[in-house]
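Order of the sequence lines sets the chain letters (A, B, ...), proteins ahead of strands, with each chain counted from 1.
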Amino acid sequence: MNFILQHTNAKTNARAGLIITEHGVIETPIFIPVGTKGVVKAVHISELEKDIYAKIILSNTYHLYLRPGIEILERSGGLHNFSGWKYPILTDSGGFQLFSLSSNCKIKQEGVEFRSHIDGSKHFFSPEKIIDVQRSIGADIIMAFDECIPSNTNYEYAKKSLTLTENWLDRCLYRFARTKNKYGYSQSLFPIVHGCIYKDLRVKSAEYVASKMAEGNAIGGLSMGETKEKMYEIIEIVNSILPKDKPRYLMGVGTPENILEGIERGIDMFDCIMPTRNGRNGQLFTKMGVINIKNKKWATDFSPIEIKSELNIDKIYTKAYLHHLFFSNEILALQISSIHNLAFYLWLVKEARKHIIIEKFSTWKQKMLINIQNKL
RNA sequence: GGGUAGUUACCAGAGCGGUCAAAUGGGGCUGACUGUAAAUCAGCUGAAUAUAUCUACGGUGGUUCGAAUCCACCACUGCCCA
């Protein structure tokens, strides 16, 4: 994997670049649709490619390890072959699941003992195991094993957790350096900055991560309950330390606003479940603001989902029809909403990139923020 | 004609003397959702000049301190027998 920094905004830290992988080139800033179990829920691969213009998708080590399991992934020739997605893939390490499924986990220095949420069976994840599993999945970008903690964690635990995450990072790097890819193309390992909401821990972590000279770096443990202002502040601190010539990935974020603010502060990659999950739950992100399509007022609105959209799906279907599909419990409702929202997110970062390159990012961002945050 | 079971909020349906404006589903309304155990979850859903008021469990009348709940008659519905 290579990163070419093409342009940095004169007044802000917003950047435009290229991530070059063996499965394709990704223009940054980029949004990564989340496909936890090797599929972006309710979205077909051809839709990802032709309607959404997705360039890379994310899957999850924990979930794929439990199902379908490593053997099937290896026999299929890796996740690209297995899923049919021939463009870049990034896998999350499963660190987030230690947080979201924490009731099933016992975290130790050596690794994590956990019970499967599917059948309750006992398993053990070490940093080494996480690298091995990610080798078997075969994503282009793989993530270090980290502990993800909520923003209200006390300083003592956050400090202890960071030490653990740093120790795990070293073990991930060691294992990564001593293993090979399984399917003939290279993989890149991204370390993850932690430190909760504590500035000194974030600085320490960012310096530690930067010292590893990885091919790209991630910021984790944000939007875990802290205010957005706090999150932006931490992004600024961390990005002032992370190397400029490598891509910076803000994990799990976020709202369209979060993404624009992140881009302004020098983030190149984002992922979030929001466009898909919220879409499935009836929330649509549009250029004019947010729509809850289940609200009664849309039942008789026969205008397109998004006015002035080049997206086919927005031209074909009206708000009233989509409202009807939700109320009729039709699968197509989830498909349309997911495609629309992902296409909106990808459109947003593409426009951001365009405006960074022509040095009009700030004014464009201000204008966008006014519109996209409306509640329609 | 005889017998029998029923009639409860938008719908289905529990309640069978007080703690009932009435369980539970469904439907409807409104929120929430940030590296996905999420096509999920939460709240509201008789009215109001809204903390103990009114109107409501088919209708009318009665028993009782008190009735959706007991009694009488009436209306309607299902089933069975002629």
Asker: Of the candidate nucleotides B/rA37, B/rC33, B/rC29, which contains the atom at the shortest distance from the side chain of A/Lys296?
Answerer: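 Nearest to the side-chain atoms of A/Lys296, counting from C-beta on, is B/rC29.
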
Asker: Whole Å only: how far is the CG atom of A/Asn295 from the C1' atom of B/rU30?
Answerer: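 Rounding to the nearest Å, CG of A/Asn295 and C1' of B/rU30 are 7 Å apart.
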
Asker: Can you tell me which nucleotide in B/rU34, B/rU36, B/rA37 comes closest to the side chain of A/His117?
Answerer: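 Of the options given, the side chain of A/His117 lies nearest B/rA37.
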
Asker: Quick one: A/Gln97 CD to B/rA38 C1', roughly how many Å, whole number?
Answerer: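 Rounding to the nearest Å, CD of A/Gln97 and C1' of B/rA38 are 13 Å apart.
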
Asker: Given B/rG27, is OP1 or OP2 found less than 4.0 Å from the side-chain N or O atoms of A/Lys294?
Answerer: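 No.
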
Asker: Mind running side-chain hydrogen bond (donor to acceptor under 3.5 Å, both in side chains) on A/Tyr87 and A/Asp140 for me, showing each step along the way?
Answerer: CA-CA 9 Å; A/Tyr87 302 103; A/Asp140 301 85; over 6 Å; no

Asker: If you only use heavy atoms from C-beta on, which nucleotide in B/rG31, B/rA39, B/rA37 is closest to the side chain of A/Phe96?
Answerer: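 Among B/rG31, B/rA39, B/rA37, the one nearest the side chain of A/Phe96 is B/rA37.
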
Asker: Do any N or O atoms from the side chain of A/Glu147 and from the backbone of A/Leu98 form a donor-acceptor pair under 3.5 angstrom?
Answerer: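 Side chain of A/Glu147 to backbone of A/Leu98: no pair is present.
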
Asker: Looking at A/Asn292, I'd like to know whether one of its side-chain N or O atoms comes within less than 4.0 Å of OP1 or OP2 on B/rC33.
Answerer: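 No.
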
Asker: It should be established whether A/Arg277 places a side-chain nitrogen or oxygen under 4.0 Å from OP1 or OP2 of nucleotide B/rU34.
Answerer: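 So the side chain of A/Arg277 is within the cut-off, an N or O lying under 4.0 Å from OP1 or OP2 of B/rU34.
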
Asker: Please confirm whether the ring centroid of A/Tyr62 lies under 6.0 Å from the ring centroid of A/His117.
Answerer: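 Here the rings of A/His117 and A/Tyr62 have centres that are less than 6.0 Å from each other.
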
Asker: Under 4.0 Å: is that the gap between some side-chain N or O of A/Asn329 and OP1 or OP2 of B/rA39?
Answerer: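 No.
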
